[in-house]
Amino acid sequence: NVVSSFSTRLTQLVVVKQSYALNASEMASDGGSSSLQLPCVFSPKSRQYLALCAQDGRLRVWNTDSKTLHQEYVPSAHLSATCTCIAWGPCRTLKEGPQRKKRKSEAVQAEERADLLAMGTAAGSVLIYSTVKGALHCTLDGGHTGGVNCVQWHPKDSLLYSGSDDTNIIEWDLQSGKTRSVWKADRAAITGLCVSPDGKLLLSAAYVIKLWNLETKEIYRKFTGHSTAVTTLCFATTRPPDGNGLYFLSGAAHDRLLSVWQVRDDGRDKNSVVSFTLTDEPQHINLIPSNSKNEAVRLAVVCKDGQLHLFEHFLNGPCKKPLSPSCTVQLSDTKDSPAPIPLLAAALATETRTVMLAYGNHLQPVMERAELNTSERHICLTRDVFTNLSLSTETNVSKVKTPFSAKSKVLVPGLPGHQAPKGSSQASEKRKKDIDTKEMSIAERLGEIDLATGSSDKGAPKSTASLQTDNFAVLLVQGLESNDANILNKVFQTRKEIVIKKTVARIPLSAVLPLVEEITKRLQGHPFSAKLMVQWLKAVITHHTSYLASLPDLVTQLGVLYHMSENRVKLLPKLTKLHGKLFLLTTQVNSVVCFLILTELLKIYEGIVARDTATLGDASHANMTPVAWQPDQQRFESPPLHSATRPHSVHSHFSLPYCIKAFIENVGNWLS
């Protein structure tokens with residue numbers, strides 16, 4: 001038993017290490033930008049189907065019981081208008097023409113069968129797909145001017161709500177296929193929606209969470225606390241808000257915390273009451289709500305790093321400390337060096353130990369109903385993906401639907417949801433021939449950094465090569481992983497504040513802590529290097545405060561940085577006093593030097609006036625032309641004097657500026 005438990009722990013450590021390495025390499029390859037989350041949702045109640053959209057833009061519905069592909073739907077604009085979100089509609093009773101009389105058990109199964117799927121697209125339209133008919137039910141378009149980010153069904157009425165990049169929320173009437181109400185919900189794009197279990201309230205989120213009254217379309221409450229766009233909203237209780245018993249949870253992008261909020265009658269609900277800690281950004285959430293105070297909320301969260309976290313908590317008031325998961329599940333393959341298998345989605349069953357899992361990739365997922373021992377904190381499941389992968393698609397059941405649309409458009413190269421002009425296709429083909437597709441090496445990227453920094457100097461010729469912030473993020477991650485001082489010096493030498501902010505914002509979360517440690521090390525060095533590192537530290541604190549706050553051992557990891565900053569702040573008053581004394585001393589020295597120079601000038605001026613007055617008196621008696629003073633044995637000719645010159649005219653010819661000029665010309669000999 002000891003050997004088996006030790007081997008299990010060792011496998012878990014290897015899987016965690018390789019998963020972090022895999023995430024770092026993926027983030028470094030795409031410049032630190034987060035990849036687009038592909039929608040993947042289990043059907044409600046029975047969990048019979050799994051609907052997901054892969055990279056090719058096709059909708060695939062898998063049967064979780066037979067583990068086969070049930071249906072495949074190809075939208076007419078699946079390349080230009082990719083699917084961005086999916087939501088299953090509430091289970092309904094199906095009536096399709098005359099049928100034989102069914103038994104009670106069959107009737108119950110028919111009522112609980114999931115049918116409709118709502119798909120939001122990047123083009124701003126919403127597609128309603130029927131899994132029973134295997135065809136497109138209707139298309140809701142003409143409402144949004146931007147891409148649809150979230151869709152949500154009304155639990156009772158035949159209504160659908162959608163949020164878009166155009167900051168609007170639309171209430172669709174599915175019976176008529178037209179908009180019922182449109183209102184502007186926020187200044188930013190709407191990224192999350194959720195309808196309360198009673199169908200009277202609606203949660204919407206951008207950076208601020210708002211609770212709307214669906215009858216009046218007015219704001220009932222506002223909740224602030226997330227620094228990034230909120231991507232997850234879900235009600236945690238089915239109780240009405242009258243008794244302060246309505247709770248909901250929210251998760252944001254690049255945030256490793258799930259926050260639980262309470263809707264109170266007295267309005268004292270500005271802060272979250274409970275927080276759940278995660279290992280990465282939440283990607284898929286499944287929740288079994290609580291119906292009373294004595295019933296706990298069960299939560300399953302699949303993070304971006306492919307791990308599953310299970311929580312169970314009684315919502316009866318605030319909790320100061322963030323709650324850790326009661327159980328964490330990871331998957332790995334059966335090779336000699338185990339590699340992690342990412343989890344795509346998870347769904348809780350009525351039994352406490354049963355969890356429906358979907359893992360692998362979106363094109364060919366593997367579905368499994370697993371029995372977990374939730375008493376263990378960490379569980380590592382080993383699976384052979386190649387043997388478990390089932391591709392036996394039944395031809396008599398599969399329905400590949402490609403509807404014909406008169407509104408189809410010619411696809412040209414461009415971003416999803418955008419259409420470029422048709423003439424640009426020829427130009428793009430010419431560019432493909434001219435541009436070399438080889439990736440730049442690290443040496444070439446460092447060379448471009450040299451060109452970029454060299455061209456910023458005055459008088460230097462402008463260079464056409466410029467390095468984007470994506471490359472800076474890649475180099476920074478590579479330098480931190482390899483601990484290469486040359487790469488880090490090239491990255492840290494930039495002084496542009498915009499480049500520093502964008503670079504820090506695009507690095508993966510796994511590289512934040514090594515970056516802080518490197519900044520701390522460089523802050524202890526030369527003051528010039530420390531001055532540059534302060535800008536990087538400011539950018540890290542600005543963009544990754546929520547991540548750093550979620551670290552359990554933050555005090556020990558940032559203790560050196562805190563003590564160093566505190567010591568430097570203590571030295572600031574002493575340095576300020578020293579600076580003031582030095583400034584006063586230099587000011588006094590300059591004033592003394594100026595006084596001495598003016599004193600010498602005054603003495604020379606008085607001597608010149610005395611000598612020339614005597615010389616002028618002798619010349620008037622001897623009828624001779626006066627000669628100016630010759631301090632450096634060089635004659636200065638003076639203008640001729642008239643016979644009617646009066647004594648005060650002497651000072652006009654030999655004035656103070658004339659003497660200063662003579663002094664400046666001979667100041668070298670005078671100083672020597």
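A distance-only check finds a donor-acceptor pair linking the side chain of T237 to the backbone of Y247 [under 3.5 Å]. Remark: side-chain polar atoms of T224 are not paired, donor with acceptor, to backbone N or O of V208 under 3.5 angstrom. Using modelled atom types, one side-chain atom of N361 and one backbone atom of Q364 make a donor-acceptor pair closer than 3.5 Å. A donor-acceptor pair is defined here as one N or O able to donate and one able to accept, closer than 3.5 Å; no such pair exists between the side chain of T121 and the backbone of V126. Between the side chain of S130 and the main chain of A135, no donor-acceptor pair closer than 3.5 Å is present. When atom types are taken as modelled, the side chain of K304 and the backbone of P282 share no donor-acceptor pair closer than 3.5 angstrom. Between the R377 side chain and the P325 main chain, a donor and an acceptor come within less than 3.5 Å of each other. In this structure, the side chain of S125 does not engage the main chain of L140 through any donor-acceptor pair within 3.5 Å. Side-chain atoms of H154 come within 3.5 Å of backbone N or O of D157 as a donor-acceptor pair. Although no hydrogens or angles enter the test, the distance criterion places a donor-acceptor pair under 3.5 Å between the side chain of T191 and the main chain of V230.
Inspection of the S196 and D198 side chains reveals an N or O donor paired with an N or O acceptor under 3.5 Å. With no hydrogens or angles considered, a side-chain donor-acceptor pair links Y161 and E171 at under 3.5 Å. D173 and Q175 share no donor-acceptor pair across their side chains, judged by distance under 3.5 Å alone. Looking only at atom types and distance, the side chain of T68 has no donor-acceptor partner in the side chain of N63 under 3.5 Å away. Under the 3.5 Å distance criterion, with hydrogens and angles disregarded, no donor-acceptor pair is assigned to the side chains of T167 and D186. Side-chain contact annotation: H309 with T328, donor-acceptor N/O pair under 3.5 Å present. A side-chain donor-acceptor contact under 3.5 Å links W172 and S162. Side chains of D141 and T139: a donor-acceptor N/O pair is absent below 3.5 angstrom, by distance only.
In this structure, K67 does not pair ionically with E368, as no charged nitrogen and carboxylate oxygen lie closer than 4.0 Å. Between R353 and E371 there is no salt bridge, since no side-chain nitrogen of the basic residue lies less than 4.0 Å from a carboxylate oxygen of the acidic one.
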Between I285 and L299, does the side-chain contact (heavy atoms from CB on, under 4.5 Å) criterion hold? Intermediate values first, please. CA-CA 7 Å; I285 290 180; L299 178 65; 3.6 Å; yes

Using the side-chain contact (heavy atoms from CB on, under 4.5 Å) rule, take R47 and N286 through it: C-alpha gap first, then chi angles, then the decisive distance, then the call. CA-CA 12 Å; R47 316 295 185 189; N286 182 251; 3.4 Å; yes

Applying side-chain contact (heavy atoms from CB on, under 4.5 Å) to Y73 and R60, what does each step give before you reach the verdict? CA-CA 6 Å; Y73 171 69; R60 292 180 175 88; over 6 Å; no

With salt bridge (charged side-chain N to carboxylate O under 4.0 Å, His left out) as the criterion, how do R58 and E72 come out once you've worked through the C-alpha distance, each side chain's angles and the decisive distance to 0.1 Å? CA-CA 7 Å; R58 302 186 179 191; E72 183 178 11; 3.2 Å; yes

V274/Q262 under side-chain contact (heavy atoms from CB on, under 4.5 Å): CA gap, chis, key distance, verdict: CA-CA 9 Å; V274 182; Q262 183 182 13; over 6 Å; no

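Between H284 and F42, the ring planes lie perpendicular to each other; the angle is over 60°, past the 30° to 60° tilted range. Y49 and W88 have parallel rings, their planes meeting at less than 30° on a 0 to 90° scale where 60° marks the start of perpendicular. The aromatic rings of F248 and F223 stand perpendicular to each other, their planes meeting at an angle above 60°, with 30° marking the opposite boundary.
Across all their heavy atoms, F276 and V260 have their closest contact at CE1-CG2, 3.4 Å. Across every non-hydrogen atom of D333 and I341, the tightest pair is N-CD1, 3.7 Å. Taking both residues in full, the closest heavy atoms of S164 and G147 are given as OG-O, 2.9 Å, listed atom of the first, atom of the second, then distance. When all heavy atoms of P365 and L52 are compared, the pair lying nearest together is CG-CD2, 3.7 Å. Here the closest heavy-atom approach between residue S204 and residue L233 is recorded as C-CD1, 4.0 Å. Minimum interatomic distance between A236 and L315 (heavy atoms only, all atoms of both residues): CB-CD1, 3.8 Å.
Considering CG of L249 and CG of L258, their distance stands at 6.0 Å, rounded to 0.5 Å. With values rounded to the nearest 0.5 angstrom, S181 atom OG is found 10.5 Å from N168 atom CG. If you take CG on L344 and SG on C40, they are separated by 5.0 Å, rounding to the nearest 0.5 Å. Atoms OG1 and CG, on T279 and D305 in that order, are 3.5 Å from each other to the nearest 0.5 Å. Rounded to the nearest 0.5 angstrom, S550 OG and R256 CZ are separated by 4.0 Å. Once rounded to the nearest 0.5 Å, the distance linking NE2 of H313 with OG of S326 reads 12.0 Å.
A heavy-atom distance below 4.5 Å is not found between the side chains of M119 and V151. Side chains of P197 and P155 form no contact here, defined as non-hydrogen atoms less than 4.5 Å apart. At least one side-chain heavy atom of L116 sits under 4.5 Å from a side-chain heavy atom of W153. The closest side-chain heavy-atom distance from W62 to M367 is below 4.5 Å. A 4.5 Å side-chain heavy-atom check between D255 and L278 finds every atom pair outside the cut-off. When side chains are defined from C-beta on, C327 counts as touching I379, because their heavy atoms get closer than 4.5 Å. L159 is not listed as a side-chain neighbour of L174, based on a closest heavy-atom distance of 4.5 Å or more. Q330 has its side chain out of reach of L381: every pair of non-hydrogen atoms, C-beta onward, lies at least 4.5 Å apart.
Considering T231, D165, T84 in turn, D165 is the only one that fulfils the side chain to side chain donor-acceptor pair (under 3.5 Å) rule with N149. A side chain to side chain contact (heavy atoms under 4.5 Å, CB included) with R221 is found for exactly one of L211, L201, N213, L246, namely L211.
More than 12 heavy atoms of other residues, nucleotides or ligands shown are found within 6.0 angstrom of NZ on K217. For K321, the NZ atom is loosely surrounded, since the number of other residues' heavy atoms within 6.0 Å does not exceed 12. Counting non-hydrogen atoms of neighbouring residues, nucleotides and ligands closer than 6.0 angstrom, the CG atom of D65 exceeds 12 such neighbours.
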